[in-house]
Amino acid sequence: MRTYGISWTDDRDDQLVALKLRGLTVNAIAAEMGLSRNAVTGRIHRLRERGDPRLPAAGPAIMDTRRRKKSAPIARPVTIADHVAEAMSRGASSFVSAAFGVCTPAEAKAAWQTILDRYGWQAA
């Protein structure tokens, strides 16, 4: 069987672990040891698979923030009562004038009850 790349010795493993524990990145370790980044990454992975106690388990991958999709803020559901209450707060002369054109009489009655319950307004 033909082997490719370098042969890992105990001394090279010790050097790799020491550099990793010092907090060096994989790229920095590769440059320090004269190896490729993939060789260092693969060896760290194989040492962890074997259960080498010197290397802690890998943490979660850090997502590149430039690639993260921003989700739209969740809007509060707007009800008829919200529309009517907003119109009343902007100076509508009465509930009826605020509700006119926004809802049916049955919806207006339910909206009025919601406004009373939610905002604590008193019936006039």
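Treat the numbers as computed from the prediction; the structure is a model and nothing was measured.
Under the 4.0 Å criterion applied to side-chain N and carboxylate O atoms, Arg54 and Asp52 are assigned as salt-bridge partners.
The CD1 atom of Ile29 sits 13.5 Å away from atom CZ of Arg43, with the distance rounded to the nearest 0.5 Å. Distance check: Arg37 CZ to Thr25 OG1 gives 8.5 Å after rounding to the nearest 0.5 Å. One finds the CG atom of Leu24 at 7.0 Å from the CD atom of Glu32 (value rounded to the nearest 0.5 Å). For the atom pair Thr9 OG1 and Asp14 CG, the distance stands at 8.0 Å (nearest 0.5 Å).
For the pair Leu16/Lys20, no side-chain contact is recorded, criterion being any heavy-atom separation below 4.5 Å from C-beta on. At least one side-chain heavy atom of Arg12 sits under 4.5 Å from a side-chain heavy atom of Leu35.
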